[in-house]
Amino acid sequence: WTHTAGIERANAANPLWYRQKLTCKSFPVVARSAHYRVHASAFPGDMEGASKIRGVNYGSRFIPEDWMASSPYDFFEGLHSPEGLRQSLCDVVDTDACSARERMMKWLDATIQESHFEEMKQMGVQVVRVPCGYWNWVTCSTRPEAITGRLGNLCAMAPPDAYRPFFDKIFMFAERHELRVLLDLHALPGSQNGEMHSGACLTPGSCHFLDPWNVEQAVEAVGRMSEYGAGKSNLFGVQVMNEPRISSSSCDELVAYYKRAILKAREFLPMETPIVVFEWTHNFDRWNANFFDSTVFGNVLWDTHLYHFPGDGDSWNEESDGLSRAQNAYKEDLLALARFQRSGNRVFVGEFSLAGPSLSAESNRELSEWLVSQIYYASQGAIFWNFDHPSINEWSFSRCATELGIDWPQVMKWPKVSFEGPPVALQSWDGKWLRAAENGEVAATAEKPSAWEEWTPQYLDSGQRVALRSFHGKWLRADEQGNVAAVAQKPSAWETWTTLWYEADGLQKLALQSFHGRWLKADPSGDVSASATDHSQWEEWGGLEKVAL
């Protein structure tokens, strides 16, 4: 009742929910799970739960990446990295042409432009994720031997105060265009993964983040970021880790760092401001439900990243059904994402792109609509990598719009819903369960509910209408002739159903009326249609229950 009371408060003006809470015997299962959907939006103060994180990364600014840093000029020109390693920021040293500091300051001045933020706003962005390094926030005057040499170049380049005007510009531009900023500690002392986006491309086994000195420096950097962000009215939150390469045997050390970093941030930031931690989808099982107690740690969000590419010698192109193959590659991650979210660990996708397939502009548009909608329905939202790229459309939010014709404001739009309920199963009048096959065919033939009998409800108009999403990610629709299938990529008018709740034989029952005014029915053979002009036994659905995943 503690949880359903939250639903009552959030919808006190709507008698429908009040009536359902009091009379629906099976509905409290939905109400309990829906509690965190209503009250735990990623956006502080958003009690309706209708907002999703709609964002873009502003990468390759404070941490230039070799594959992105060729425009407006070649950042790494005249520099060299050790043999076999990609160029990274730790290879920046003084040259005859300019000092390391001059190179960095010139790059930041050239790549941080107000026009970018204006464009983001026009394309529906709400949150800008800004990757940065620990050296932007702390000095390293007494660093150990482990981070001298190449790693020492990061702190030697410029003191933290030299970067502050550029962070100020980002917050100022973002505020002018009604955007919020997520400060992301993308690169940690000693490197958390040895990748060039950590500021240091290293040989395998040479990462030193978990060395005690480095952990101390990282916690201190989180504190400095949080102290700075506390003075900004449009701060979205602070992220304390990006893509760690931490073995299971070191997981306890990662947990300890996360807890210390979050509590350090809380010295400066209120409990409702999001603090963001990271995990890959394949490691979600490391973390228990509601891992970070909100009474201790406040509003904690999880970030994960979704990227998929064809194997060597393979290609996901138009000739090889590349769109479907790309969609299939994401399905396991999307299911893990949904499970993690339902466990109470609120998660968003902090990086995704359209890279991987080699598709036409039309197929890329379809992929963008499908992928964003799938991420939205499984999590708190999505942030595209990256805002720009000098040449590759699929890695550039801006080029996706101008070169591929992707309508980002429409793609990133989140339908106004009361809340998303947990998965349910629907039982027909003769005891069979409603199922959707991969091809979208719908029938009431299953003897017991399993994955294919799972439907995720999206409640619209404060619950007076519902849209039902199948296990395969498609929406149940009825056409004008009464044909029913689960084939729609996103819910529109034909995918919405008016709900009629009533009691029969002491059990809670449901009838669903299509947009065209006909009722969803199952005949004795299990065929399903929306052709009935009135509701009777064949149009009766029950057995609403949460499906175990």
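What you see is a predicted model; the values in this text were computed from it and never measured. Here, residue 1 is the first one in the sequence, and each next residue gets the next number.
Looking at residues two or more places apart in sequence or on another chain, you find a side chain to side chain donor-acceptor pair (under 3.5 Å) between Ser315 and Asn317. Asn290 is linked by a side chain to side chain donor-acceptor pair (under 3.5 Å) to nothing, counting only residues two or more places apart in sequence or in another chain. For Thr445, the side chain to side chain donor-acceptor pair (under 3.5 Å) criterion is met by no residue, not counting sequence neighbours. With sequence neighbours excluded, the residues that form a side chain to side chain donor-acceptor pair (under 3.5 Å) with Asp388 are Arg61, Asn386. Remark: Trp475 pairs with Tyr377 by the ring pair (Phe, Tyr, Trp, His ring centres under 6.0 Å) rule, at least two apart or across chains.
A centroid separation of 6.0 Å or more is found between the aromatic rings of Phe387 and Phe397. Centroid-to-centroid, the aromatic rings of Phe117 and Tyr58 come within less than 6.0 Å. Separation of the Phe167 and Trp137 ring centroids falls under the 6.0 Å cut-off.
Crowding of Glu318 atom CD: a count of heavy atoms from other residues, nucleotides or ligands under 6.0 Å exceeding 12. By the neighbour-count criterion of 12 heavy atoms within 6.0 Å, atom CD of Gln113 is densely surrounded, having more than that number from other residues, nucleotides or ligands. More than 12 heavy atoms of other residues, nucleotides or ligands sit less than 6.0 Å from atom CD of Gln122.
Here the CG atom belonging to Leu337 is positioned 12.5 Å from the CD atom belonging to Glu332, to the nearest 0.5 angstrom. One distance of note links CZ of Phe75 with CG of Asp66; it measures 11.5 Å at 0.5 Å rounding. Between the OG atom in Ser368 and the CD1 atom in Ile406 there is a gap of 4.0 Å [rounded to 0.5 Å]. Rounding to the nearest 0.5 Å gives a distance of 6.5 Å between CD of Glu366 and OG of Ser363. In this structure, Trp408 CH2 and Met120 CE are separated by 13.5 Å, a value rounded to the nearest 0.5 Å. Distance check: Gln410 CD to Lys490 NZ gives 5.5 Å after rounding to the nearest 0.5 Å.
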Problem set entry | Derivation of the ring pair (Phe, Tyr, Trp, His ring centres under 6.0 Å) call for Tyr257 and Phe209 | CA-CA 11 Å; Tyr257 166 69; Phe209 167 64; 5.2 Å; yes

For this session: Decide side-chain hydrogen bond (donor to acceptor under 3.5 Å, both in side chains) for Asn483 and Arg477; before the verdict, give the C-alpha distance in whole Å, the side-chain angles of both, and the deciding distance to 0.1 Å.
Result: CA-CA 8 Å; Asn483 300 308; Arg477 71 179 319 212; over 6 Å; no

For this session: Go through Phe340 and Phe284 one step at a time and tell me if the ring pair (Phe, Tyr, Trp, His ring centres under 6.0 Å) criterion holds.
Result: CA-CA 7 Å; Phe340 198 59; Phe284 278 166; 3.9 Å; yes

Exercise answer: donor-acceptor pairs, residues 302-310 side-chain atoms, under 3.5 Å, sequence neighbours excluded:
| unit_1 | atom_1 | unit_2 | atom_2 | d |
| --- | --- | --- | --- | --- |
| Asp303 | OD1 | His305 | NE2 | 3.4 |
| Asp303 | OD1 | Gly350 | N | 2.7 |
| Asp303 | OD2 | Arg129 | NH2 | 3.4 |
| Asp303 | OD2 | Gln239 | NE2 | 2.8 |
| Asp303 | OD2 | His305 | NE2 | 2.9 |
| Thr304 | OG1 | Glu279 | O | 2.7 |
| Thr304 | OG1 | Thr281 | N | 3.4 |
| His305 | ND1 | Glu243 | OE2 | 2.6 |
| Tyr307 | OH | Glu351 | OE1 | 2.8 |
| His308 | NE2 | Ala329 | O | 3.3 |
| His308 | NE2 | Asp333 | OD2 | 2.6 |

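Between Glu216 and Arg260 a salt bridge is recorded (basic side-chain N to carboxylate O distance below 4.0 Å). A salt bridge does not link Asp407 with Arg365: every distance from a Lys NZ or Arg NE/NH1/NH2 to an Asp or Glu carboxylate oxygen is 4.0 Å or more.
Below 30°, between 30° and 60°, or above 60°: for His389 and Trp67 the angle between ring planes is between 30° and 60°, a tilted geometry. The aromatic rings of Trp280 and His282 lie parallel to each other, their planes meeting at an angle below 30°, with 60° marking the opposite boundary.
For the pair Lys106 and Tyr73, the cation sits on the ring face: its NZ or CZ lies under 6.0 Å from the ring centre, inside 45° of the axis.
In this structure, the side chain of Arg245 engages the main chain of Asn193 through a donor-acceptor pair within 3.5 Å. Asp74 places a side-chain N or O within donor-acceptor distance of the main-chain N or O of Phe76, the cut-off being under 3.5 Å.
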